[in-house]
Asker: 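Okay, here's the structure, questions in a sec.
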There are 2 protein chains.
Amino acid sequence: MARRGDVLELAVLGLLQDSPMHGYELRKRLNAMLGSFRAFSYGTLYPCLKMLLEKGWIRESDGERAKERPAHALSGRRGRIVYQLTAEGKERFASLLAGSGSAAWEDEQFDVHFAFFSRTDAQTRLKILEGRRTRMQERLEKAHEAAHRTRERRDRYTLELQRHAEESMEREVRWLDDLIDSERRRADEPRSGSRRTRPSESTREGDS
Amino acid sequence: MARRGDVLELAVLGLLQDSPMHGYELRKRLNAMLGSFRAFSYGTLYPCLKMLLEKGWIRESDGERAKERPAHALSGRRGRIVYQLTAEGKERFASLLAGSGSAAWEDEQFDVHFAFFSRTDAQTRLKILEGRRTRMQERLEKAHEAAHRTRERRDRYTLELQRHAEESMEREVRWLDDLIDSERRRADEPRSGSRRTRPSESTREGDS
DNA sequence: GTTAGCATGTAAGGAGTTACATGATTTT
DNA sequence: AAAATCATGTAACTCCTTACATGCTAAC
């Protein structure tokens, strides 16, 4: 039952899936990944890590410390607490992805969910994209209607603002249409005979 | 020095400029005007009205009550506390508009400021639009650079997300360009008479 | 006469930021 | 040795929402 605050949790769990990391770097990746939409501060991240520890979804991996750091300082600077997923953490992540209800296509969560689509099964991807599309369409219609209702008593600037907002929404709907299309096409030509449910792997691209 | 929370204040003061209103209706107009971006709840609005009262920027106008309601219920339903601007409120609104520093083109305030452009002088309009443009351009470049830095280890979905975000920002920049253009054209053909400062190009200094 | 919508208000809390406090390591 | 950067963490605060409490008026 994804609450609102699960955004960070999902993102952290997702990033740790790739490789163990300490908070500071986690934050950098987080903000590189979602930077255009949102940015989290340490005041948000560290308490979240603490909570994930308590829940048993991540643990400190003292032996692991930054193995693959390329050039500088293999020496292991002091503080660095490297976290890694536990088995329960992996389960938790999977269930957050799969069990995403309607919250997954709301503004606060859609981008994060989308960012982890590579680890999401095709069915869920489609469900989220379609949910989002419907949501955007609704919003667009509501806005359009409201704009029509109040088109008197509006000056050129509020009209322009309205117009621009509607255009943005239309653009987003078209974007989602393309994505949905592309998802369906991929689903129709799988790389072999597998009909339906191939939830776990089949979509992994090469990384990490 | 416009704080963050001045958004609602500005909006309420601006709406009351048109005509006295009670809270319930104020909220409807507010959300019709800004609906696409944000929506305020009563839990936000009423405390704000209380504060504006205390500051002396609005006052209850008991005689005024909904004079021009078109069809239903001129009878004056119970609660309805109609507010109107005081002289200080008008001043306050004017100074919020004119004195808008860099905060005016940040995400939280830009749309509200834009919505009241009809009541804003040409110089300030241009300043805000240009500030916003610069801000968006910066953000776009930062995102583009970050995208380039991390283009390895990115799957098709995060790439797509990135691409879409960049496109949205480019679109916004173009939109602002058009608006700035149109503002300049309007400034170059004033409807005669009015002397005062020529806001054509040299307006780039005044940041508070 | 009860339901639906209008209208005002408050208390609790969620989600995040800023500013602070602390200290190690690297670079200059 | 100073400055910059890396790194962790907390406390206070902001801003807003949700849920509740209250009661009028209109309509069925």
Side-chain angles (χ1 to χ4, degrees), chain A residues 1-12 20-31 34-35 37-54 58 60 62 65-66 69-83 103 106-109 112, chain B residues 1-12 20-31 34-35 37-54 58 60 62 65-66 69-83 103 106-109 112:
Chain A
M1 268 344 111
R3 305 187 321 279
R4 271 260 233 300
D6 285 345
V7 189
L8 227 197
E9 183 186 323
L10 182 64
V12 167
M21 250 178 281
H22 58 277
Y24 194 87
E25 178 156 6
L26 210 38
R27 192 207 174 216
K28 278 198 299 189
R29 297 252 189 136
L30 210 57
N31 292 347
L34 308 170
F37 322 98
R38 77 185 79 212
F40 293 104
S41 63
Y42 300 121
T44 318
L45 178 61
Y46 285 118
C48 175
L49 286 172
K50 204 174 166 186
M51 186 260 278
L52 294 177
L53 255 183
E54 275 161 22
I58 62 178
E60 297 185 26
D62 218 49
R65 62 166 56 145
R69 304 275 292 181
H72 63 294
L74 261 293
S75 51
R77 24 239 266 177
R78 182 208 65 112
R80 300 181 73 150
I81 301 173
V82 177
Y83 295 100
E106 296 304 321
D107 291 340
E108 313 86 29
Q109 294 204 8
V112 181
Chain B
M1 263 346 106
R3 303 186 325 278
R4 271 258 233 299
D6 286 344
V7 190
L8 227 198
E9 183 187 323
L10 182 64
V12 167
M21 248 178 281
H22 58 278
Y24 195 87
E25 179 156 7
L26 212 36
R27 191 206 175 219
K28 277 198 300 189
R29 296 253 187 135
L30 213 55
N31 292 346
L34 310 169
F37 320 98
R38 77 186 79 212
F40 293 102
S41 64
Y42 300 120
T44 316
L45 178 60
Y46 285 118
C48 176
L49 286 173
K50 205 176 166 183
M51 185 259 277
L52 293 177
L53 255 183
E54 276 160 22
I58 61 176
E60 297 186 26
D62 218 49
R65 63 164 56 146
R69 305 274 292 180
H72 63 294
L74 262 290
S75 51
R77 22 240 266 182
R78 182 209 63 111
R80 301 181 76 149
I81 301 173
V82 177
Y83 295 100
E106 295 304 319
D107 291 341
E108 313 87 28
Q109 294 203 9
V112 181

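Just so you know, these numbers come straight off a predicted model, no measurement behind them. Every chain is numbered from 1, with letters handed out A, B, ... down the list of sequences.
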Asker: Whole angstroms only, please: what is the CG-C1' distance between B/Leu45 and C/dC6?
Answerer: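 In whole Å, C/dC6 C1' lies 15 Å from B/Leu45 CG.
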Asker: Hey, could you give me the CD/CD1 distance between A/Glu9 and A/Ile58, rounded to the nearest 0.5 Å?
Answerer: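 Between atom CD of A/Glu9 and atom CD1 of A/Ile58 there are 10.0 Å.
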Asker: Are the charged groups of A/Glu25 and A/Arg29 less than 4.0 angstrom apart, N to O?
Answerer: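 Salt bridge: yes.
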Asker: Check whether any side-chain heavy atom of A/Ile81 lies under 4.5 Å from a side-chain heavy atom of A/Leu49, and answer yes or no.
Answerer: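 Contact flag for A/Ile81/A/Leu49 side chains = no.
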Asker: Return the polar atom pairs (N/O with N/O) between nucleotides 9-12 of chain C and the protein under 3.5 Å, or none.
Answerer:
from, atom 1, to, atom 2, distance (Å)
C/dT10, OP1, B/Lys50, NZ, 3.2

Asker: Between P on D/dA7 and CZ on A/Phe40, what's the gap in Å once rounded to a whole number?
Answerer: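 So the two atoms are 20 Å apart, to the nearest Å.
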Asker: Rounded to the nearest 0.5 Å, how far does CG of B/Asn31 lie from CZ of B/Arg38?
Answerer: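 If we round to the nearest 0.5 Å, B/Arg38:CZ and B/Asn31:CG are 10.5 Å apart.
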Asker: Send over the distance from B/Glu9 CD to D/dT14 C1', rounded to a whole Å.
Answerer: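 The answer, rounded to whole Å, is 15 Å.
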Asker: Without decimals, in angstroms, what is the distance between A/Arg80 CZ and D/dT8 C1'?
Answerer: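 My rounded result for the distance is 12 Å.
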Asker: Rounded to whole angstrom units, what separation is found between the CD atom of A/Glu106 and the P atom of D/dT18?
Answerer: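 It is 11 Å, rounded to the nearest whole Å.
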Asker: Would a 4.5 Å heavy-atom cut-off, applied to side chains only, mark A/Leu53 and A/Glu60 as touching?
Answerer: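 Yes; the side chains approach each other to less than 4.5 Å.
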Asker: Given atom CG of B/Leu53 and atom P of C/dT8, what is their separation to the nearest angstrom?
Answerer: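 Answer to the nearest Å: 12 Å.
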Asker: So, does B/Arg27 use its side chain to make a donor-acceptor pair with the main chain of B/His22 at under 3.5 Å?
Answerer: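 Checking the backbone N and O of B/His22 against the side chain of B/Arg27, no donor-acceptor pair under 3.5 Å is found.
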Asker: Between P on C/dG5 and CD on B/Glu25, what's the gap in Å once rounded to a whole number?
Answerer: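 Rounding to the nearest Å, CD of B/Glu25 and P of C/dG5 are 18 Å apart.
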Asker: Nearest whole Å is fine: how far is D/dC24 P from B/His22 NE2?
Answerer: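 Rounded to whole Å, this separation is 17 Å.
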